[in-house]
Number of protein chains: 2
Amino acid sequence: MKPVASTSEQILDVAQSLIVAGGYNGFSYADIADAIGIRKASIHHHFPTKAELVSALVDRYRQRTELGLKSLREQSASPAAQLQSYVDFWKACIGNASLPFCVCAMLAGEIPMLPDEVASRVRGHFHHLAEWLTSVLQAGAKQHLLRLDQRPEQEAQMLMAAVHGAMLSARAFDDPGLFAAIVEPQIARLRAPVR
Amino acid sequence: MKPVASTSEQILDVAQSLIVAGGYNGFSYADIADAIGIRKASIHHHFPTKAELVSALVDRYRQRTELGLKSLREQSASPAAQLQSYVDFWKACIGNASLPFCVCAMLAGEIPMLPDEVASRVRGHFHHLAEWLTSVLQAGAKQHLLRLDQRPEQEAQMLMAAVHGAMLSARAFDDPGLFAAIVEPQIARLRAPVR
DNA sequence: GTTTATCTATCTACTAGTAGGTAGACACGC
DNA sequence: GCGTGTCTACCTACTAGTAGATAGATAAAC
């Protein structure tokens with residue numbers, strides 16, 4: 001039996017799925033209130049302003065991501081396996097529609113009109129993810145398990161863009177399988193043995 | 001001297017730049033009215049509903065894209081040069097901040113909550129772009145000027161995702177140069193002579 | 001052990017402002 | 001005169017956010 005989530009966690013859960021569907025301006029306090037059966041004012045008790053709510057959401061999202069990526073590095077044997085696990089995570093999310101888009105990718109598109117406190121957190125997530133990918137690629141190259149055509153930082157950026165672009169295409173073409181079709185060859189290219 | 005644009009064109013111009021900044025829910029009739037110095041009601045005269053306005057905008061955007069891509073195929077010598085010109089177009093847009101994001105890429109992220117008439121048009125743009133890229137890649141492969149690791153349709157999807165992902169990263173990292181840094185190696189990979 | 005005070009989470013009811021959209025009048029050009 | 005475009009003035013629904021009340025839990029004071 002899963003313990004009942006606290007109200008503030010429930011609020012963040014609903015807000016997350018609404019943001020994934022429609023971005024920062026795509027949901028309202030009323031939407032959340034209706035979804036979990038409380039009043040709008042109760043949400044303001046937990047998160048006084050919308051900017052604070054979304055900031056808290058991004059903080060939680062980043063904390064979970066950091067935890068996930070860290071345990072990935074500890075559990076997965078090789079850098080190649082780590083990359084694959086990262087991609088597999090999103091493949092599963094998009095496949096079963098549980099989290100069919102990265103919250104921060106969604107928000108990043110709206111950066112020009114996001115409250116500063118939210119925008120800077122979204123940028124933080126991008127920087128963190130880029131660093132993680134860079135270090136994995138670097139380790140793989142050092143062990144001669146991955147073949148990089150570019151500097152690790154640049155390969156990391158390319159991979160990240162591929163992942164986010166693939167999420168968008170999967171949505172635009174309404175084809176979850178498209179995500180893997182786009183991302184897998186990129187991984188395969190890195191994994192290919194030195195020729 | 002550039003002729004003064006018609007009111008409805010001005011409305012679409014402003015709407016486009018507002019959507020590029022914040023998506024479908026990131027602008028209002030009032031924003032447009034303020035920007036071009038007319039009243040909200042006048043906008044409703046030209047575009048009765050918001051869904052119609054954005055639909056017209058996407059139609060115009062697609063028409064311009066089709067024209068641009070068609071003339072690209074006619075003017076540019078080789079398929080490789082055509083790909084490069086396509087990428088250079090976006091490089092310039094992002095560099096001088098004139099159109100630092102594809103309208104349809106922005107809207108595609110919000111597809112789950114877009115009005116149907118808008119969503120289907122956005123999907124149409126994605127399909128059209130994928131077809132154009134596919135045919136260019138196919139021609140390049142036939143002439144042995146491009147080296148494809150995957151089927152042309154799949155290479156087209158990969159390139160498209162790279163372009164959209166690169167737009168997002170350029171925005172998230174607030175670094176226009178990042179777009180080229182991500183996309184150029186992908187083009188270079190295709191252009192590389194057969195080994 | 002009862003009283004008093006404080007804290008937490010919720011509620012109802014409200015605010016000012018904004019959303020998209022409408023009705024009807026006015027002016028201009030063909 | 002009729003169509004086109006713009007205006008003022010308005011509408012209803014919804015926005016984020018606030019005020020103030022209530023109920024229950026916790027804890028300190030006597």
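Not measured: the values here are computed from a predicted model. Every chain is numbered from 1 and lettered A, B, ... according to where its sequence line falls, protein lines coming before strand lines.
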Residue pair B:Asp31, B:Ser28: steps toward the side-chain hydrogen bond (donor to acceptor under 3.5 Å, both in side chains) verdict: CA-CA 5 Å; B:Asp31 294 331; B:Ser28 70; 3.3 Å; yes
Chi angles and distances behind the side chain to side chain contact (heavy atoms under 4.5 Å, CB included) call for B:Ile111, B:Phe126: CA-CA 12 Å; B:Ile111 277 182; B:Phe126 271 73; over 6 Å; no
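Closest approach to the A:Ser42 side chain among C:dA19, C:dT10, C:dT12 is made by C:dT10 (side chain taken as heavy atoms from C-beta onward). With C:dT10, C:dG21, D:dT15 as the candidates, the nucleotide lying closest to the side chain of A:Ser28 is D:dT15. Out of D:dC7, D:dG5, C:dG20, the shortest distance to the side chain of B:Ile38 is found at D:dC7. In this structure, the nucleotide among C:dT12, D:dT4, C:dA9 sitting nearest to the side chain of A:His46 is C:dA9. Candidate nucleotides D:dG5, C:dG21, C:dA9 were compared by shortest atom distance to the side chain of A:His45, and C:dA9 ranks first. Checking D:dA16, C:dT22, D:dT6 against every side-chain atom of B:His44, the shortest atom distance belongs to C:dT22.
In this structure a side-chain-to-backbone donor-acceptor pair under 3.5 Å is missing from B:Arg147 to B:Leu190. Within the 3.5 Å criterion, the main-chain N or O of B:Asp149 finds a donor-acceptor partner in the side chain of B:Glu155.
For the ring-ring contact (aromatic ring centres under 6.0 Å, His included) condition, the pairs that include at least one residue of residues 31-79 of chain B, sequence neighbours left out, are B:Tyr29-B:His44, B:Tyr61-B:His125. The stretch residues 104-126 of chain A participates, sequence neighbours left out, in these salt bridge (Lys or Arg N to Asp or Glu O under 4.0 Å) pairs: A:Asp59-A:Arg121.
Side-chain N/O atoms of A:Thr7 include one lying less than 4.0 angstrom from OP1 or OP2 on C:dT10.
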Enumerate all atom pairs, one protein N or O and one N or O from nucleotides 23-25 of chain C, separated by less than 3.5 Å.
none

So which protein nitrogen or oxygen atoms get under 3.5 Å of nucleotides 10-13 of chain D's nitrogens or oxygens?
none

Check the interface with nucleotides 26-30 of chain C: list each N/O to N/O pair with the protein under 3.5 Å, or write none.
none

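No side-chain donor from either of B:Gln150 and A:Glu184 sits under 3.5 Å from a side-chain acceptor of the other. Using a 3.5 Å distance cut-off with no hydrogens or angles, the side chains of B:Thr49 and B:Glu52 do pair a donor with an acceptor.
In DNA chain C, consecutive stretches of 3 or more Watson-Crick or G-U wobble pairs with both distances under 3.5 Å are given as paired ranges: C:1-30 with D:1-30.
A:Phe27 comes within 4.0 angstrom of sugar-phosphate atoms only, judged by non-hydrogen atoms across all strands, and of no base.
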